[in-house]
Amino acid sequence: MITNKQFQKIYAESIQDPEKFWANVAETTIEWFQKWDKVLNWEFPNYQWFVGGKLNATYNCLDRHVKAGLGEKTALIYLNENNERTTIDYQNLSKQVNKFSNGLKSLGVKKGDRVLIYMPLVIEQIIAMLACARIGAIHSVVFAGFSANALRERAESLKAKIVITATWTLRRGKKKLLKPVAEEAIKDLEFVEKLIVLNRDKNETSFINEREIDFYDLLNPQSEICEGEVMDSGDPLFILYTSGSTGKPKGIVHNTGGFLVYAQYTLENAFNIMSDDIYWCTADPGWITGHSYVTYGPLAKGLTVLIVEGVPDYPKPDNWYKIIEQEKVNIFYTSPTALRMLKKYGEEYCKQHDLSSLRILGTVGEPINPEVWKWYYEFIGNKKCPIADTWWQTETGGHMIMTLPGLEEKPGVAGLPFYGIDVAIINQAGEEMPVNEKGFLVIKKPWPGALSDCWNNSDRFIQYWSEIGKVFFTGDFAIKDADGYIQILGRSDDVINISGHRIGTAEVENLLVSFNGIVEAAVISKPDELKGERLKAFVVLKSNIKGDNVLKLDIQKYIKTKIASFAVPEEIEFISSLPKTRSGKIMRRILKAKELGQDVGDLTTLED
Ligand code: WT7
């Protein structure tokens with residue numbers, strides 16, 4: 001645990017000379033095959049960290065621990081709804097990863113090729129990610145809740161050579177099929193050379209054509225030895241798609257060196273890590289948290305990582321507490337949306353279990369409501385665990401603003417900027433806001449975890465650094481108090497955060513207008529007790545079409561098959577026209593103000 005005085009001292013040093021600071025961190029966290037020549041190369045808007053440094057992410061996550069004599073330490077504990085429990089130690093995980101790496105190589109996968117992973121949270125998913133990293137292939141994990149259409153869009157954008165899937169995932173006692181979705185997605189995509197399928201049934205899987213191959217048929221015959229590719233610090237490690245304010249998700253690219261240093265170092269600090277910790281982050285690798293804090297950060301640190309294929313409240317509302325007790329979890333990192341749900345079930349479920357193994361708690365994804373924070377502290381943490389509220393984004397690669405264990409905690413307020421992170425809260429003109437006044441949250445300088453590009457869309461990358469002045473524009477509103485603590489006030493752009501998942505209103509609107517019969521659409525968010533926010537769509541229909549409940553359901557189904565269920569507007573209202581400016585821009589703020597019964601504000605630009 002750190003004191004405020006210690007923190008302030010390190011922070012001041014890190015801001016004074018960030019390159020010296022990060023050089024020291026990079027040297028102590030990661031094993032490099034070759035040291036870098038230059039800590040940072042920054043030629044606006046491009047930057048690269050640890051220039052000339054050579055490393056391999058998988059080597060750092062596995063081999064170095066085995067070499068250090070930790071081969072028999074458990075790397076992963078896997079649990080599912082059927083009470084199945086599988087563990088794998090560092091030695092065996094390393095062997096499996098090497099075999100799968102060789103399997104990928106045998107299919108012709110080379111450094112720089114894109115591999116799309118559409119799998120549930122199982123050990124094989126982590127194996128697939130680490131195997132890609134080992135041979136220098138760029139993985140892109142797509143959350144298993146996404147539709148065939150969304151998967152196809154990503155496969156096309158990446159020109160993915162390989163897609164890896166599983167036959168199904170288990171959710172609330174039901175099998176949700178994944179292989180047919182993957183098959184549908186890549187049906188006529190000729191650049192996809194193989195579909196690798198993890199068969200989760202004892203019996204044979206039926207393969208529809210010679211493009212498909214079984215995960216273990218590929219893995220089993222291979223050698224346990226696979227030399228890792230020597231990667232440049234600036235070589236891409238992975239691409240992860242996320243919604244923005246335009247109609248298409250963007251592929252956020254993260255580089256090997258900077259990302260790995262940042263993921264491991266932020267993890268160590270945020271959770272005050274001890275080497276024997278049993279660590280549980282409830283995220284899925286379909287999102288950034290599952291990359292930085294389920295896979296790369298904790299494995300690079302050599303922790304025992306718990307992964308659970310399941311939901312908090314199935315089979316019973318005490319499921320997660322049961323797991324914490326059974327596995328003696330020390331570090332527990334989850335989202336406000338999950339906590340709101342657990343709080344709603346009530347603390348009697350917490351009290352049924354011994355949660356005394358917990359030492360540090362964490363939260364991420366949305367602002368946490370102060371009353372939920374207090375409940376988390378009291379009933380899960382038993383009033384003895386610090387809560388690390390961690391603010392960050394897909395683009396930032398790791399934690400940026402947080403409350404480190406030991407520092408004063410302010411429920412609902414994310415915390416202080418992390419070491420080396422130079423933040424400001426500014427107005428449209430780029431001027432810094434006074435204390436306690438709302439503005440745009442920006443980061444003034446690159447940090448090692450920062451995205452390095454947007455896949456096939458460098459203009460979009462540059463936009464991050466040129467929205468207002470030459471700083472990184474986060475898209476969040478925030479205020480800073482007199483102690484320097486930063487409170488996040490939600491998005492400033494047209495992005496909505498539903499249960500911690502990002503969705504751009506434009507993405508949903510584009511789909512709505514592609515639905516037969518819809519002329520125009522506008523999507524807004526409304527506060528939601530459980531999900532944080534939910535979507536409402538205003539839809540203008542062709543004059544000959546009647547808006548009724550059947551049509552609503554059809555529209556909802558359509559969005560689900562085009563994106564995923566979290567993107568479906570719960571409410572749809574049919575209206576005759578949308579409020580617009582004279583230049584034709586939809587004024588969503590008017591719809592929102594009217595919907596929430598607020599003052600609609602200045603209407604001078606309104607056309608009608
Ligand atoms: C957006 C990023 C970072 C992993 C999960 C989401 C919101 C994230 C917090 C927090 C308040 C938060 C922001 C941010 N957000 N963490 N601790 N307090 N808001 O990643 O999908 O890239 O979304 O999530 O609005 O911009 P993401």
Side-chain angles (χ1 to χ4, degrees), residues 141-143 145-146 239-245 249-254 259 262-263 266-267 270 281-297 333-340 361-370 372-373 376 387-404 409-418 421 423 425 438 440-443 449-451 454 464 467 472-479 485-504 507 525 531-533 564 566-567:
V141 183
V142 178
F143 176 59
F146 276 105
I239 300 168
L240 188 62
Y241 283 83
T242 187
S243 275
S245 43
K250 36 197 179 178
I252 303 298
V253 184
H254 279 288
F259 173 80
Y262 200 70
T266 46
L267 171 99
C281 164
T282 65
D284 183 288
W287 314 104
I288 189 69
T289 312
H291 285 66
S292 310
Y293 303 115
V294 174
T295 311
Y296 291 106
Y333 187 30
T334 193
S335 65
T337 207
L339 292 169
R340 283 193 294 264
L361 305 175
T363 165
V364 60
E366 304 151 74
I368 183 165
N369 330 48
V372 176
W373 191 102
Y376 192 21
I387 299 178
D389 189 347
T390 60
W391 175 89
W392 59 297
Q393 310 179 298
T394 306
E395 291 86 343
T396 71
H399 305 142
M400 300 291 280
I401 294 172
M402 68 252 233
T403 307
L404 295 180
E409 297 177 300
K410 303 189 182 191
V413 176
L416 294 165
F418 187 57
I421 305 300
V423 313
I425 294 170
K438 179 175 169 179
F440 300 105
L441 176 66
V442 298
I443 322 287
L451 79 165
C454 292
Y464 277 109
E467 188 84 30
F472 176 81
F473 188 78
T474 65
D476 277 348
F477 280 129
I479 50 173
Y485 273 61
I486 292 172
Q487 182 178 7
I488 306 297
L489 301 171
R491 301 287 305 193
S492 66
D493 54 6
D494 291 320
V495 171
I496 291 172
N497 191 324
I498 298 173
S499 309
H501 302 322
R502 242 207 250 182
I503 185 79
E507 222 174 297
S525 73
K531 299 179 185 175
E533 291 181 279
F566 72 85

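Counting convention: from 1, in listed order, for ligands and their atoms alike.
Side-chain contact check for D389 and W373: no donor-acceptor pair (N or O, by modelled atom type) lies under 3.5 Å. For T334 and Y376, the side-chain atoms include no donor-acceptor pair closer than 3.5 Å. A donor and an acceptor atom, one from each side chain of Y262 and S292, are nowhere located under 3.5 Å apart.
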Inset, instruction - Evaluate the criterion ring-ring contact (aromatic ring centres under 6.0 Å, His included) for residue pair H501 and F566; output intermediate values, then yes/no. - result: CA-CA 8 Å; H501 302 322; F566 72 85; 5.1 Å; yes
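Note that CE of M400 is 10.5 Å distant from CD of E395, once rounded to the nearest 0.5 Å.
Using a 4.0 Å cut-off between charged nitrogen and carboxylate oxygen, E366 and R340 count as a salt-bridge pair.
Protein residues with a heavy atom under 4.0 Å from ligand 1 are I288, T289, V364, G365, E366, P367, D389, T390, W391, W392, Q393, T394, D476, I488, R491, N497, R502.
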